[in-house]
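Inspection log for the structure reproduced underneath, given as C-alpha cells.
Only a predicted model underlies this, so the values are computations on that prediction, with no experimental measurement involved.
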Amino acid sequence: MASGDWMPLLFCGLSIPLSLFMWLGNVAFSKFWSSDFEEPAVIPPTRWLFSTLAPLTLMTVALRRRSVSKSGAALGVVIAFTLSIASHPFFASLVVFFFSSSRATKFRAQLKRKFEHDFKDGEGQRNWVQVLCNGGMATQLALLYLIDCGSGERAIDFAKEYRSSWLGIAVMSAFACCNGDTWSSELGSVLSSRDPVSIISWRRVPRGTNGGISLIGVVVSLLGGLLVGFAYFVTVRYTVDAKMLLVSPPQWPIILFGGLAGLFGSMLDSLLGGLLQFSGINAQGKIVDAPGKGIRHVSGLRILDNHSVNLISSIVTGVTMPLLALKFWPVR
C-alpha cells in the first residue's frame, strides 16, 4: 500500500466516532442551553456524519491533486465542516468553487509559466492564507447563520425568512465572487488573443498584470459566478422541503445573482489590484508583485497583496448582493 493510500481509510474510520462524539456533545449542550418550554434543537447524527466525512474526503482529494498544501487542507476541513453543518447549499457552493477554480488554475499551465514568476505546478497548491482569504468571509457568515437560524436548509424568502435568506445570498455571493475572479484571471489570461487593458488607465498591459481586464475575462467571470449560483439553486431544490418551496418565491434568481456576484467581484478585484497592488516586470519578462533591482513598474502601489484583495472583494460582494436581492427578488 502506497504512503497516501491509507488516508481515505483512516478518515472514514475517524469520521464515525468523531461525528458521534459531536452529536452527543450537541445533545448534552442542548439540554443545558434550552429552556423548559422549548424543544432542544439537536442536529441529527446523520448530518454530523456527513459534515465530518464529506470535508475529510474533499481535502483528501485536494491533497492528492496538489490543489492545496497541508496547511491549506487542515484549514479547509474546518471551513468545509462549518459550511456543511450550517447548510448543504453552502457546502455545495464551496465544492463547485474549489474544483472549478482548481481546474481553471491548471488550464494551459504551460502558457502561464511564461509570464507568472510564482507559478506553481499542479492546481495551485493553495496554502492556509489563500484558503482563509477565499473562504473566510463565507465561513463567518455560515457561523452567523448557524447561531441565528440553526442548522438546516431554507428557501430564499425575504418576507418569511429574512435572516436566513440574507445570509444565504451572502455566502453564495462570497464564493461566486472568488470563483468569478479566479476564472477571469486564470482563463482570461490564456484565452484572450491580445494583452489585457488596465482598468485604471485603459492602456494595454502585459498578461498577468494586476488590474488588467479583457472581454473574455469579463465573460468567464460571469460564467464562474453563474456556476456557483446554479449549484446553490440545485441544492436548494433537492434539500429544502417541497411544501416550503411551494409557498416560497421562485428560487431561480439565485443563479442570476451568482453571475452578478462573479462579475462584480471580479471587477472590484481588478480595480483594487490596479490601484493598490504592485505589478512589475522583471528581466525575464515575467510579472512580479514586489519592486526590486531590474524590476520595471507597470501599475499599482505596494499597499495590498493578492490575498488581501481577494478577501476585501469577497467581503464587499458578500454584503452588497443581499441588499440587491432584497430589492429585486420576486415575491409570490
Side-chain angles (χ1 to χ4, degrees), residues 58 62 65 67-68 76 79-80 83 89-109 111-112 116 123-124 126 130-131 133-138 141 168-192 196 199 207-208 210-236 252-273 306-307 309-318 320-322 324-325:
L58 176 65
R65 296 173 58 167
S67 300
V68 294
I79 289 177
L83 294 167
F90 297 175
F91 181 69
S93 300
L94 168 67
V95 171
V96 169
F97 158 63
F98 177 75
F99 283 111
S100 67
S101 62
S102 296
R103 294 300 297 176
T105 301
K106 192 176 181 180
F107 181 73
R108 295 188 179 178
L111 296 179
K112 297 172 187 175
E116 294 181 5
E123 296 184 346
R126 293 169 175 82
Q130 293 169 299
V131 172
C133 290
N134 283 282
M137 177 60 176
L141 293 167
I169 295 288
V171 171
M172 184 280 301
S173 299
F175 282 125
C177 164
C178 296
N179 205 43
D181 175 59
T182 303
W183 280 36
S184 177
S185 58
E186 298 293 346
L187 299 179
S189 61
V190 294
L191 289 176
S192 180
I199 195 173
R207 296 173 190 264
N210 295 305
I213 60 173
S214 64
L215 178 59
I216 293 181
V218 171
V219 172
V220 296
S221 69
L222 175 67
L223 296 177
L226 286 172
L227 181 62
V228 174
F230 180 74
Y232 193 102
F233 167 75
V234 170
T235 312
V236 165
W252 58 263
I254 193 71
I255 304 175
L256 301 182
F257 279 101
L260 182 60
L263 178 61
F264 175 80
S266 175
M267 298 302 289
L268 177 61
D269 188 281
S270 297
L271 181 63
L272 292 174
N306 189 56
H307 307 319
V309 170
N310 290 339
L311 179 59
I312 294 173
S313 299
S314 67
I315 292 173
V316 174
T317 306
T320 303
M321 288 301 113
L324 292 178

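- Residue I216 holds its CD1 atom at 11.5 Å from CG of L223, rounded to the nearest 0.5 Å.
- Here the side chain of N310 pairs no donor or acceptor atom with the backbone of N134 at under 3.5 angstrom.
- In this structure A261 satisfies the side-chain contact (heavy atoms from CB on, under 4.5 Å) test together with S173, A176, T317, M321, sequence neighbours excluded.
- For the atom pair I312 CD1 and C177 SG, the distance stands at 11.0 Å (nearest 0.5 Å).
- Expressed to the nearest 0.5 Å, how far CG of D181 lies from CG of D269 amounts to 3.5 Å.
- Heavy atoms only, all atoms of each residue included: A174 and M137 are closest at CB-CG, 4.3 Å.
- Looking only at atom types and distance, the side chain of N179 has a donor-acceptor partner in the side chain of S100 under 3.5 Å away.
- For the pair G318 and P322, the tightest heavy-atom approach, listed with the atom from each and the gap, is O-CD, 3.1 Å.
- In this structure the side chain of V96 never reaches within 4.5 angstrom of the side chain of F230, judged on heavy atoms.
- Pairing each heavy atom of V220 with each of G188, the nearest pair is CG2-N, 4.4 Å.
- Judged purely by atom type and a 3.5 angstrom limit, S266 has no side-chain atom pairing as donor or acceptor with the backbone of L263.
- Taking CG of L226 as the reference point, atom CG of L260 lies at 9.5 Å (rounded to 0.5 Å).
- The two residues L58 and A80 come nearest to each other via the heavy atoms CD2-CB, 4.5 Å.
- Residues R65 and F99 meet the side-chain proximity criterion, which asks for heavy atoms closer than 4.5 Å.
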- Under the side chain to side chain contact (heavy atoms under 4.5 Å, CB included) rule, what do M267 and V218 come out as? Steps first, then yes or no, please. CA-CA 8 Å; M267 298 302 289; V218 171; 4.2 Å; yes
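- Across all non-hydrogen atoms, the minimal contact from S93 to F175 is CB-CD1, 3.8 Å.
- Judged by distance alone, with hydrogens and angles left aside, the side-chain atoms of S184 form no donor-acceptor pair with the main-chain N or O of G180 at under 3.5 Å.
- Rounding to the nearest 0.5 Å places CG of L324 at 12.5 Å from CG of L256.
- If you take CG on L187 and OG on S221, they are separated by 10.5 Å, rounding to the nearest 0.5 Å.
- V236 has its side chain out of reach of I254: every pair of non-hydrogen atoms, C-beta onward, lies at least 4.5 Å apart.
- Annotation for G168 and F90: closest pair CA-CE2, 3.7 Å, computed over non-hydrogen atoms.
- Counting heavy atoms from C-beta on, the side chains of F91 and T235 never come closer than 4.5 Å.
- In this structure, the side chains of R126 and S102 come closer than 4.5 Å at one or more pairs of heavy atoms.
- The shortest side-chain heavy-atom distance between N306 and Q130 does not fall under the 4.5 Å cut-off.
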